Amino acid sequence: MTSAGRFAPSPSGELHVGNLRTAILAWLFARSTGRRFLMRVEDLDRARSGAEAEQLRDLAAVGVTWDGDVVRQTDRGTLYTEAIGRLAAAGLTYECFCTRREIQEAPSAPHAPQGAYPGTCRELSAAEREAKRAVRPAAVRLRSAVTEVTVQDVLHGSYTGVVDDFVLRRNDGVTAYNLAVVVDDAAQGIDQVVRGDDLLPSTPRQAYLASLLNIPVPEYAHVPLVLNADGARLAKRDGAVTLTDLAAVGAPVDEVRDALLGSLRLPGGPLAHALAAFDPAALPREPWIWPGMAGPDA
Ligand code: GLU
């Protein structure tokens with residue numbers, strides 16, 4: 001399988017300029033290294049009807065192209081079940097009956113890192129599990145043998161983060177993001193993962209899971225986010241931040257694309273120009289504060 005990069009949007013609503021900027025970067029990283037570029041819709045959770053089509057339309061409008069068909073996670077349940085089955089067969093999973101609240105209120109295990117699952121259900125007896133199953137369905141957690149893992153990132157260097165007994169399948173039956181992303185990246189031959197740096201803290205968990213599944217760990221590049229004027233992650237409530245809204249205030253898509261490229265210190269115009277000038281080492285390492293955009297009569 002040839003190597004590939006990807007963009008993996010969650011179809012919960014329209015993409016905002018921050019998402020589009022990350023997609024452009026993922027495309028530039030992949031294309032500048034001769035990789036294929038794949039589009040995967042992460043629709044296991046919070047999918048909104050119509051959002052996928054809007055997102056793909058907006059990605060195409062800024063010049064992001066992809067190879068082959070769009071893949072949807074909801075079509076890939078068998079792969080996830082098979083991976084969880086392999087982990088279970090190796091004794092690497094357990095059932096967890098904790099509610100969110102119980103986890104928050106549980107005393108954390110000694111030496112456990114902040115935010116780690118406290119291990120409440122790790123050593124339940126068969127009889128205890130049986131009794132709990134009658135009360136509520138179980139989530140499936142990974143029986144992790146480590147508490148932290150170090151990954152290498154093109155932009156962040158060595159990054160060490162928490163690995164706990166994280167959830168593989170939620171108790172409503174939905175496959176957890178951390179499992180799906182690892183299984184999909186491997187099955188699709190993706191060996192370069194470029195995404196927002198809000199996902200850097202999840203990466204040690206994913207790399208650990210890949211190692212347990214005998215999957216090669218991809219190259220990671222976690223790119224800086226776009227923030228609003230208050231320094232918070234850009235969101236829909238920050239005004240005109242989608243292509244539709246920006247067009248409505250007089251900023252056509254080509255101008256938006258060029259503003260995004262400019263924020264990356266890359267030339268505007270069709271993405272081929274930015275591709276010719278692309279150098280990961282020259283990328284800004286700081287988040288970009290969205291300055292807003294408006295047409296002449298705004
Ligand atoms: N679907 C995730 C998101 O939209 C991205 C996952 C990934 O790139 O690994 O935030």
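Just so it is clear, the model here is predicted, and its values are computed rather than measured. Atoms within each ligand, like the ligands themselves, are counted from 1 in listed order.
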Which pairs of N or O atoms, one from ligand 1 and one from the protein, are separated by less than 3.5 Å, and what is the distance for each pair?
residue	atom	partner	partner atom	Å
ligand 1	1 (N)	A8	O	2.7
ligand 1	1 (N)	S10	OG	2.9
ligand 1	1 (N)	E42	OE1	2.6
ligand 1	4 (O)	S10	N	3.4
ligand 1	4 (O)	S10	OG	3.2
ligand 1	8 (O)	R6	NH1	2.6
ligand 1	9 (O)	R6	NH1	3.4
ligand 1	9 (O)	R6	NH2	2.9
ligand 1	9 (O)	Y177	OH	2.8
ligand 1	9 (O)	R195	NH1	2.8

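- A donor-acceptor contact closer than 3.5 angstrom links the side chains of Q206 and N178.
- Grouping Ile, Leu, Val, Met, Phe, Trp and Tyr residues whose side-chain heavy atoms lie under 4.5 Å apart, directly or via other members, places Y117 in a hydrophobic cluster with Y94, I103.
- Judged by distance alone, the side chain of R143 and the main-chain N or O of R122 form a donor-acceptor pair under 3.5 Å.
- In the hydrophobic clustering (ILVMFWY side chains linked at under 4.5 Å, chained through shared members), F97 is joined by L124.
- Listed by chain and residue number, D45, D172 satisfy the salt bridge (Lys or Arg N to Asp or Glu O under 4.0 Å) test with R170 (two or more places apart in sequence, or in another chain).
- A distance-only check finds a donor-acceptor pair linking the side chain of N228 to the backbone of G231 [under 3.5 Å].
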